[in-house]
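Here is the structure we will look at, set down as structure tokens.
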Amino acid sequence: MQENNGNHNLDKTISQSSALMKIGFDGKRATNNCTGLGNYSRSLIEHLSTQFPMNEYYVYTPKVNANIIKLPLFTKENIRLKLPAKKNISPVWRSVEIVLQLVKDKVALFHGLSHEIPFGLKEHGIKSVVTIHDLIFLVKPNYYTFFDRLIYKYKSKYACKHADRIVAISEQTKKDIVRFYRIDPAKIEVIYQSCDEQFETTVEENEQEFIRKKYQLPQKYLLNVGTIESRKNLLLLIKALPLIDKEYSLVVIGKETTYAKLVTKEINSLGLQNRVIFLKDVPFKDFPGIYQMADIFIYPSFYEGFGIPIIEALHSKIPVIAATGSCLEEAGGPDSLYINPTNVSDLVHKIDLILKDENLRDLMIVNGSQYVKRFDKALVTAELMDCYLNMINQKRNKN
């Protein structure tokens with residue numbers, strides 16, 4: 001992602017995309033997943049359809065979540081939800097049979113939003129883009145089963161080799177694609193993610209207090225958001241908590257895995273039952289308020305493809321502490337603080353710095369608010385449309 005001429009490039013992209021395009025998307029995540037890749041997919045499609053309304057956006061999926069497809073996104077006039085003609089949830093439909101439907105719909109370009117594309121797109125004259133979020137299953141294989149690694153590698157490697165263009169969501173992911181799949185770097189475009197625009201709006205004080213009472217949140221707390229799994233490294237934060245001012249509690253939001261048992265065991269061992277609060281099934285609309293009332297956001301993950309929760313925290317105007325070793329510096333910028341993800345004392349020191357130095361805290365908030373503007377949805381969406389247009393124009397020039 002270029003640190004750009006902003007509105008000039010945005011206006012240029014809008015003027016170039018005035019002609020109708022039919023763009024297809026792998027909609028499995030968009031229509032079924034409530035978090036993570038589902039949020040990424042829905043956000044991307046919605047921003048494109050709003051910013052470039054002259055196009056038609058086809059969302060292909062073998063099945064849908066009844067609640068998700070009730071979202072306003074799927075009622076927009078320029079979005080077409082496409083399911084198999086007959087009930088068919090076989091993976092063969094997404095990988096093979098979908099191509100015939102793309103041809104029938106006269107789709108010019110297909111975007112695989114999560115590491116894979118169908119077979120045979122080139123043979124039918126359909127341009128393709130694939131988004132690669134990360135290759136953690138290759139970088140940190142110990143977090144995955146052998147079967148999962150095999151499937152993920154097969155699908156993502158095929159997509160990287162056969163797609164006309166690869167979108168990597170960070171420079172780190174781009175480096176990993178080049179390293180593991182020997183892909184020409186010129187084929188890969190880094191286009192960062194934006195977060196939901198809810199985080200850009202300050203939650204009013206009365207609404208914050210309503211949320212505080214609803215979840216019984218303490219007045220002072222540190223915040224961690226993300227799946228409770230070993231890669232996210234919540235144990236480091238639990239081990240640091242006894243060494244931090246006892247006025248501060250820890251609030252954790254995330255889906256539990258078996259790793260949560262280790263976390264609970266450590267909490268009990270350290271006598272922290274009254275200082276750690278786990279929130280489950282939190283509606284997305286409550287997230288901004290929970291972020292904005294926090295004193296520090298802490299993300300000690302061993303490895304990430306990007307780190308959307310950091311973007312959410314910066315928009316929420318709270319200081320960020322994240323781990324080194326992957327791409328989190330890209331998300332957090334030069335004014336967030338970073339720690340060794342294995343070093344408890346390093347984390348304790350950085351937390352104390354922020355809690356005790358009001359000037360440092362204020363500086364982190366002001367500079368973080370400026371830095372996060374580079375992930376503005378309008379700019380990110382324009383970069384993606386530029387990517388699409390360049391491929392379509394190349395195809396036309398060849399013809």
Should Glu329 and Tyr338 be marked as a side-chain contact (heavy atoms from CB on, under 4.5 Å) after you check the CA-CA gap, both sets of side-chain angles, and the distance that decides it? CA-CA 8 Å; Glu329 293 94 334; Tyr338 301 94; 3.8 Å; yes
Between Asn393 and Leu389 (side chain of the first, backbone of the second, donor and acceptor by atom type, cut-off under 3.5 Å), is there such a pair? yes
Please find the pair of heavy atoms, one from Asp26 and one from Gly112, that lie closest to each other, and give the distance. CB-CA, 4.3 Å
Would a distance-only check, ignoring hydrogens and angles, find a side-chain to backbone donor-acceptor pair under 3.5 Å from Arg361 to Asp295? yes
Heavy-atom pair of closest approach, residues Ala30 and Phe74: O-CZ, 3.7 Å
Taking the side chain from Ser301 and the backbone from Arg231, do they hold a donor-acceptor pair closer than 3.5 Å? yes
Distance-only side-chain donor-acceptor flag, Asn32 / Arg29, under 3.5 Å: no
Charged N to carboxylate O below 4.0 Å: is that the case for Asp164 and Lys122? yes
Ring centers of Phe25, Tyr58 separated by less than 6.0 Å: no
Should Val380 and Gln193 count as side-chain neighbours, where that means a heavy-atom distance under 4.5 Å? no
Residue from Lys214, Lys213, Arg212 passing salt bridge (charged side-chain N to carboxylate O under 4.0 Å, His left out) with Asp286: Lys214
Give a yes or no answer on whether the side chain of Thr61 reaches the backbone of Val64 with a donor-acceptor pair at less than 3.5 Å. no
Looking only at non-hydrogen atoms, find the nearest pair between Ser114 and Leu37 and report the distance. CB-CD1, 3.8 Å
Answer yes if the side chains of Thr131 and His115 hold a donor-acceptor pair under 3.5 Å, and no otherwise. no
Identify the two heavy atoms, one from Tyr40 and one from Leu113, that lie closest to each other, and give their separation to 0.1 Å. CE2-O, 3.6 Å
Return yes when atom NZ of Lys22 has more than 12 non-hydrogen atoms of other residues, nucleotides or ligands closer than 6.0 Å, and no otherwise. yes
Could you tell me whether Glu197 atom CD has more than 12 heavy atoms of other residues or ligands within 6.0 Å of it? no
On a heavy-atom basis, the closest approach of Pro300 and Leu236 is CB-CD2, 3.9 Å
Is the side chain of Gln101 donor-acceptor paired with the backbone N or O of Leu83 at a distance under 3.5 Å, no angle test? no
Kindly compute the distance separating CG (Asp281) from CD1 (Ile253), expressed to the nearest 0.5 Å. 11.5 Å
Using residues 310-317 as the side-chain source, report each donor-acceptor pair under 3.5 Å to any protein atom, sequence neighbours left out, with the distance given to one decimal.
from: Glu312; atom 1: OE1; to: Tyr291; atom 2: OH; distance (Å): 2.7
from: Ser316; atom 1: OG; to: Glu312; atom 2: O; distance (Å): 2.7

Checking side-chain contact (heavy atoms from CB on, under 4.5 Å) for the pair Glu266/Leu262: CA distance, chi angles, key distance, verdict? CA-CA 6 Å; Glu266 188 70 14; Leu262 291 176; over 6 Å; no
Kindly indicate whether the side chain of Val129, heavy atoms from C-beta on, has any atom under 4.5 Å from the side chain of Phe110. no
Under a 3.5 Å distance rule, please check whether Thr227 uses its side chain to pair with a backbone N or O of Gly254 as donor and acceptor. no
Would you say Lys76 has more than 12 foreign heavy atoms packed within less than 6.0 Å of its NZ? yes
Just say parallel, tilted or perpendicular for the rings of Tyr60 and Trp93, cut-offs at 30° and 60°. tilted
State, to 0.1 Å, how close Ile318 and Ala294 come at their nearest heavy-atom pair, and which atoms those are. CG2-O, 3.2 Å
Under 4.5 Å between side-chain heavy atoms, counting indirect links through other Ile/Leu/Val/Met/Phe/Trp/Tyr residues: same cluster for Ile267 and Val251 or not? no
Lys232 bridged to Glu304 by N-O distance under 4.0 Å: yes
Apply side-chain contact (heavy atoms from CB on, under 4.5 Å) to the pair Asn39 and Asp196, showing each step before the final yes or no. CA-CA 8 Å; Asn39 286 338; Asp196 193 281; over 6 Å; no
Look only at the side chain of Thr173 and the backbone of His133, and say whether a donor-acceptor pair between them is shorter than 3.5 Å. yes
Check for a donor-acceptor pair, side chain of Lys187 on one end and backbone N or O of Lys161 on the other, with a separation under 3.5 Å. yes
Which residue pairs satisfy the salt bridge (Lys or Arg N to Asp or Glu O under 4.0 Å) criterion with at least one member in residues 333-347, sequence neighbours excluded? Asp346-Lys350
Do Ile211 and Ile290 have side-chain heavy atoms sitting under 4.5 Å apart? yes
When you check the gap from the basic side-chain N to the acidic O, do Lys174 and Glu189 get nearer than 4.0 Å? no
Would you say Pro319 and Phe297 make side-chain contact, with heavy atoms under 4.5 Å? no
Determine all donor-acceptor pairs shorter than 3.5 Å in which one atom belongs to a side chain in residues 138-149; sequence neighbours excluded.
from: Thr145; atom 1: OG1; to: Asp148; atom 2: N; distance (Å): 3.1
from: Thr145; atom 1: OG1; to: Asp148; atom 2: OD2; distance (Å): 3.3
from: Arg149; atom 1: NH1; to: Pro141; atom 2: O; distance (Å): 3.3
from: Arg149; atom 1: NH1; to: Tyr144; atom 2: O; distance (Å): 3.0

Show me, pair by pair, the donor-acceptor contacts under 3.5 angstrom made by side chains of residues 239-248, not counting sequence neighbours?
from: Asp245; atom 1: OD1; to: Glu247; atom 2: N; distance (Å): 2.9
from: Glu247; atom 1: OE1; to: Lys220; atom 2: NZ; distance (Å): 2.6

Answer yes or no: is there a side-chain heavy-atom contact under 4.5 Å between Leu379 and Arg374? no
Indicate every side-chain donor-acceptor pair of residues 177-185 with a distance under 3.5 Å to a residue at least two apart or in another chain.
from: Tyr181; atom 1: OH; to: Ser156; atom 2: OG; distance (Å): 2.6
from: Arg182; atom 1: NH1; to: Arg179; atom 2: O; distance (Å): 2.3
from: Asp184; atom 1: OD1; to: Ala186; atom 2: N; distance (Å): 3.0

Let me check something: do Met293 and Ile354 share a hydrophobic cluster, defined by ILVMFWY side-chain heavy atoms less than 4.5 Å apart, either directly or through other members? no
Just say parallel, tilted or perpendicular for the rings of Phe119 and Tyr154, cut-offs at 30° and 60°. tilted
Tell me whether Tyr299 shares a hydrophobic cluster with Phe306, the cluster being built from Ile, Leu, Val, Met, Phe, Trp, Tyr side chains joined at under 4.5 Å. yes
Say whether, by atom type as modelled, one donor and one acceptor occur between the side chain of Asp105 and the main chain of Val107 under 3.5 angstrom. no
Do Ile277 and Pro218 have side-chain heavy atoms sitting under 4.5 Å apart? yes
Answer yes or no: are there more than 12 heavy-atom neighbours, outside Gln273 itself, under 6.0 Å from its atom CD? yes
Would you check if there is a donor-acceptor pair between the side chains of Tyr388 and Asn55 at a distance under 3.5 Å? no
Side chains of Tyr192 and Glu330: any donor to acceptor distance under 3.5 Å? yes
Hey, are Glu256 and Lys261 close enough for a salt bridge, meaning a charged N less than 4.0 Å from a carboxylate O? no
Short question: side chain of Ser49, backbone of Glu46 - any donor-acceptor pair under 3.5 Å? yes
Kindly give the cluster partners of Ile365, where membership spreads through any ILVMFWY side chain lying under 4.5 Å from a current member. none
Side-chain contact, heavy-atom cut-off 4.5 Å: Leu328 with Gln172? no
In this structure, would Val96 and Ile117 fall into the same cluster of hydrophobic residues linked by side-chain contacts under 4.5 Å? yes
With a 4.5 Å cut-off on side-chain heavy atoms, are Ile351 and Ile321 touching? yes
Start with the C-alpha gap between His124 and Leu100, add the side-chain angles, then the distance that decides, and say whether side-chain contact (heavy atoms from CB on, under 4.5 Å) holds. CA-CA 9 Å; His124 289 84; Leu100 296 179; 4.2 Å; yes
Would you kindly confirm whether Leu279 and Phe199 end up in one hydrophobic cluster when ILVMFWY residues are joined by side chain heavy atoms under 4.5 Å apart? yes
